[in-house]
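In listed order, ligands and their atoms are each counted from 1. Throughout, residue positions are numbered sequentially from 1 according to the sequence presented. Just so we're clear, the structure is a prediction, and the values are computed from it rather than from any experiment. We use all heavy atoms of the structure for the numbers below, so side chains are in, but hydrogens, waters and symmetry mates are not.
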Amino acid sequence: MNVPFNYLPQQFADPEPYIAEWRNLAASSEFTIGPFVEAFEAKFARYVGARHCVSTNNGTDALILALKSVGIGPGDEVITVCNTFYATAGAIAAAGAKPVFVDCDDRFQIDTGKIPAAVTPKTRAILPVHWAGASPDMDRIMTIAAAHGLLVVEDACPAVGAYVNNRHAGTFGNVGAFSMHPLKPLNVMGDGGMVVTDDGGLAEWMRKYRNHGMVDRNHIEFWGVNMRLQPFQAIVGSRVLDTVADLVRARNANATQLDAGLKTLPEFARAPERRAGHLEAFQLYLACFQQRDELLPFLISQGIEAKVHYPIPLHLQQAARDLGYKRGDFPVAERQADELITLPVHQFIGPEQIDFVIETIRAFYAD
Ligand SMILES: Cc1ncc(COP(=O)(O)O)c(C=O)c1O
């Protein structure tokens, strides 16, 4: 049986509805921002429950824009987690600031208990990541930020469709950034990003900065850049957004089945605790396994497209060499990097395939 990780061939098997709308776009010539992009921004803001939404080229730009909008720059430190995608720390560096890492917890989320010790006089912000489409303890993070007078910039890139107590990921802090990369819950046919905020002043600044600092065709207020979302991607994103609640439901059904299956193998496998009040978007399904390095190729040999996100935490990457970290600094993330496997969980697989995954894992340990 085949259990693919990539669901894009199924998701976009019928491109006709998109092509039909692209014809309208072609006829309109509205190729830079314009009504297609603005309508999608308004729809996304409504969806997540934020006052303002500014679209960007991709999630990395969304993070850079979010950080710069609140004034993060050279000399500043930004606290984030060490088990995340490269772009989290890359965006902090691109804004001119220094990433300061803390370890994660057993849920693969930033360990909020370790944040206060990472605060220094240079700390300006906490940048929590909604890693894998799950959420850290946002209430605790907001409390810590308030106690230390820090900004909160959320990396909700993998987390469209994720909620904590009915509040959407990315709407807790001053600004939240999202990605629409093809393997995110809300995806487009290429790259796209979103920033949300309730602060009208920040939104206005971001709208200008992502468009050269322009106030009109002949005037710029400050030096900006081009981070604009392509209108043809806004059309894709707008259609896919209508399906997010359903696909998150389907992923949760698969995840619940995987969790139950792994619970029957407690000596070999450990899925993270699922918190009451948290709705996870399951961009990825992560769990830790004994003998990971033998199990992973075995799963792949059986047709299960398992992966590892990621085998090297950020503090041990060459890019972090000047930050002064060493192996042993973040033991939880380092152990997880050696033990975790990402299993397919997407909406185009169902109970039979999940059973096959569980039975294949069981067979591996039975040998
Ligand atoms: C946690 C996290 N942050 C940032 C990004 C960057 O998003 P993008 O690939 O759209 O630039 C991603 C995904 O790629 C991500 O998973």
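Residue contacts with ligand 1 include Pro158, since one or more of its heavy atoms lies under 4.0 Å from the ligand.
Lys184 NZ, 2.7 Å is the protein heavy atom nearest to atom 13 (C) of ligand 1. Considering only non-hydrogen protein atoms, atom 15 (C) of ligand 1 sits nearest to Phe85 CB, 3.6 Å. Nearest non-hydrogen protein atom to atom 11 (O) of ligand 1 is Thr60 OG1, 2.5 Å.
Tyr325 and Phe330 have their aromatic ring centers within a separation under 6.0 angstrom. Taking the six-membered ring wherever Trp is involved, the centroid distance between the rings of Phe178 and Phe44 falls below 6.0 Å.
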Do any side-chain atoms of residues 143-151 form donor-acceptor pairs under 3.5 angstrom with protein atoms, and if so which ones, sequence neighbours left out?
{"from": "Thr143", "atom 1": "OG1", "to": "Asp139", "atom 2": "O", "distance (Å)": "2.9"}
{"from": "His148", "atom 1": "ND1", "to": "Ile144", "atom 2": "O", "distance (Å)": "3.1"}

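Under the salt bridge (Lys or Arg N to Asp or Glu O under 4.0 Å) rule, Glu280 has a single partner from Arg274, Arg251, Arg275, Arg249, which is Arg274.
Listed by atom number, the atoms of ligand 1 under 4.0 Å from Ala87 heavy atoms are 4 (C), 5 (C), 6 (C). Listed by number with element, the atoms of ligand 1 under 4.0 Å from a non-hydrogen atom of Cys157 are 2 (C), 3 (N), 4 (C), 5 (C), 12 (C), 15 (C). The atoms of ligand 1 that sit less than 4.0 Å from any heavy atom of Thr88 are 1 (C), 3 (N). Against a heavy-atom cut-off of under 4.0 Å, Gly59 is close to the following atoms of ligand 1: 7 (O), 8 (P), 10 (O), 11 (O). Close approach to Asn58 involves these atoms of ligand 1, each under 4.0 Å from a residue heavy atom: 10 (O), 11 (O).
Checked by atom type and distance alone, the side chain of His212 never pairs as donor or acceptor with a backbone atom of Met214 at under 3.5 Å. One N or O on the side chain of Asn226 and one on the backbone of Arg228 form a donor-acceptor pair closer than 3.5 Å.
Closest heavy-atom approach to atom 10 (O) of ligand 1 within the set Gly190, Pro182, Ser179: this belongs to Ser179. Which of Asp155, Thr84, Val81 comes nearest to atom 3 (N) of ligand 1 through a heavy atom is settled by distance: it is Asp155.
Only the side chain of Val129 comes within 4.0 Å of ligand 1, counting heavy atoms alone; its backbone N, CA, C and O stay farther away. Proximity of Gln283 to ligand 1, defined as any heavy-atom pair under 4.0 Å, is not found for any part of the residue.
Under the 4.5 Å side-chain criterion, counting only non-hydrogen atoms from C-beta, Arg362 is in contact with Ile358.
Side chain to side chain, Ser55 and Glu41 meet the donor-acceptor criterion of an N or O pair below 3.5 Å. The closest side-chain donor-acceptor pair between His130 and Ser135 falls under 3.5 angstrom.
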